[in-house]
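See below for the structure under consideration.
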Amino acid sequence: MKITLSRIEADEHIIQVRMENVEKNSLPVADIFNTFAKYNVNIDMISSVNFEDSLRIDFTCDDNNVPALSEAIGEVNANHPRIHIFTKRNVCKLIVEGEEMREQPGVAAQVFDILGRNMIPFSQVTTSEISISFVLHKKYMDKALKAIKEEME
C-alpha cells in the first residue's frame, strides 16, 4: 500500500516521562499536569494504561528545560507520594504523517510491521487521524527512518 505522506521525521530533542501508580481520578491527574504547566514544561505525546486500581501515564516533552522538568517532578512527588516517576533521555520521537491516512485503513499496521521486521522496538505510541508518533531509542532512529521511507514513500 502506497500513500502520500507529508512527513516522516524524527525529533531527537525529547525526554520520555513515565508515571506509575497514578490515582484513577481526574482531579489528581489534572493537578499533576497543572504542576508541569506551572513550570512551563511543554508536554507533547500523552498515553496511558488503565490498571485495576491505578494508571500509568507516559508523556514526552522537549529536552530544552531539564531543570524545570526536574523541579516539576519534585513537586509532583511531594504532592502525590504514591506515584513513581521515571525519565528516559536517550529517546527520540518518530513521526509519520499524511492527510491520506484519514481515509486509508491499515497505515498503523503497516508501520508496526516495518518496525517489527526491522527489529525496532518502541516504548510509546500515539495516533491521530493523520499521524502516528512513536518513542524509540535513539540508536534505532536512522534505521527506522530509512525503512519507513523506503517502504512507504
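Ring orientation note: the planes of Phe112 and Phe122 are tilted relative to one another, at an angle of 30° to 60°.
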Distance-only check: which donor-acceptor pairs under 3.5 Å involve side-chain atoms of residues 41-49, not counting sequence neighbours?
unit_1: Asp44; atom_1: OD2; unit_2: Lys93; atom_2: NZ; d: 2.1
unit_1: Ser47; atom_1: OG; unit_2: Gln124; atom_2: NE2; d: 3.1

Enumerate donor-acceptor pairs with a distance under 3.5 Å from any side-chain N or O in residues 28-36 to protein atoms, sequence neighbours excluded.
unit_1: Asp31; atom_1: OD2; unit_2: His80; atom_2: NE2; d: 2.6
unit_1: Asn34; atom_1: ND2; unit_2: Ala30; atom_2: O; d: 3.1
unit_1: Thr35; atom_1: OG1; unit_2: Asp31; atom_2: O; d: 2.9

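Rounding to the nearest 0.5 Å gives a distance of 7.0 Å between OG of Ser128 and CD of Glu97. Within the model, atoms CD1 of Ile95 and CG of Asp11 stand 6.0 Å from one another, a figure rounded to the nearest 0.5 Å. To the nearest 0.5 angstrom, Met19 atom CE is 6.0 Å from Ile83 atom CD1. The structure places CD of Glu9 at 9.5 Å from OG of Ser133, a figure rounded to the nearest 0.5 Å.
Nearest approach of Val66 to Asp63, heavy atoms of both residues: CG2-O, 3.5 Å. Residues Glu12 and Cys92 share a closest heavy-atom pair of CA-CB, 4.0 Å.
Proximity of a side-chain donor or acceptor of Arg82 to a complementary backbone N or O of Asn21 within less than 3.5 Å is detected. A donor-acceptor contact shorter than 3.5 Å is absent between the side chain of Lys143 and the backbone of Ile120. Side-chain atoms of Lys38 never come within 3.5 Å of backbone atoms of Ala72 as a donor-acceptor pair (strictly under, hydrogens ignored).
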Review point. Given the rule in the side chain to side chain contact (heavy atoms under 4.5 Å, CB included) test, do Arg117 and Glu151 qualify, once you have shown the distances and angles that lead to the verdict?
Key: CA-CA 12 Å; Arg117 282 186 285 107; Glu151 293 194 41; 2.7 Å; yes
**Study point:** side chain to side chain contact (heavy atoms under 4.5 Å, CB included) evaluation trace for Leu94 with Met141
**Key:** CA-CA 7 Å; Leu94 174 67; Met141 179 187 65; over 6 Å; no
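Residues satisfying the side-chain hydrogen bond (donor to acceptor under 3.5 Å, both in side chains) criterion with Thr87, sequence neighbours excluded, are absent altogether.
In this structure the side chain of Thr127 never reaches within 4.5 angstrom of the side chain of Met101, judged on heavy atoms.
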